[in-house]
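A short worksheet on the structure shown next.
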Amino acid sequence: MKLQIIQIHLIQPRQSFFDLAIGQNVKLEIFNNKGQKIKQLVNNRISAGKHSVIWNGTDTGDKAVASGIYFYRLTISDKVFNRKMLLMK
């Protein structure tokens with residue numbers, strides 16, 4: 001099984017890009033600086049190709065979160081990618 005990720009990147013408006021060589025299970029979660037999960041954006045099998053996911057800056061209850069440092073965890077099959085991002089409003 002080949003995993004190809006051309007880019008994992010979050011930019012305004014909080015958009016993540018990734019490219020899958022084959023269809024795989026994907027999970028994308030957002031965490032605050034205390035390590036608490038505040039939102040799960042994706043938890044599905046996703047087909048091969050380029051994909052993007054937009055986080056609208058809200059938590060699980062759809063309440064706007066404060067500006068600050070957040071972390072996202074992108075899990076693709078058994079590979080885990082953790083990155084830091086800055087949310088500015």
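Every heavy atom of this structure was used, including side-chain atoms; hydrogens, water molecules and symmetry mates were not. Remember, predicted model here, so these are calculated numbers, not experimental data.
With rounding to the nearest 0.5 angstrom, the OG atom of Ser77 is 7.0 Å from the CD1 atom of Ile22. Atom NZ of Lys84 and atom CG of Asn33 lie 10.5 Å apart (nearest 0.5 Å). Atoms CD1 and CG, from Ile76 and Leu28 in turn, are 9.0 Å apart once rounded to the nearest 0.5 Å.
The minimum heavy-atom distance between Thr58 and Val65, with the atom names listed, is C-CG1, 4.1 Å. Residues Ala48 and Ala21 come closest through the heavy atom pair CB-O, 3.4 Å. Residues Asn43 and Gln40 share a closest heavy-atom pair of CB-NE2, 3.0 Å. Nearest heavy-atom pair across Phe71 and Asn32 is CD1-O, 3.9 Å. When all heavy atoms of Arg45 and Gly23 are compared, the pair lying nearest together is NH2-O, 2.9 Å.
At a threshold of 4.5 Å between non-hydrogen side-chain atoms, the residues Lys39 and Asn56 count as touching. Side-chain contact between Lys27 and Glu29 is present, with at least one heavy-atom pair separated by less than 4.5 Å. Between Ile30 and Met85 there is a side-chain heavy-atom pair separated by less than 4.5 Å.
Residues Val80 and Val26 fall into different hydrophobic clusters, defined by Ile, Leu, Val, Met, Phe, Trp and Tyr side chains chained together at heavy-atom separations under 4.5 Å.
When ring centroids are compared, Tyr72 and Trp55 stay outside the 6.0 Å threshold.
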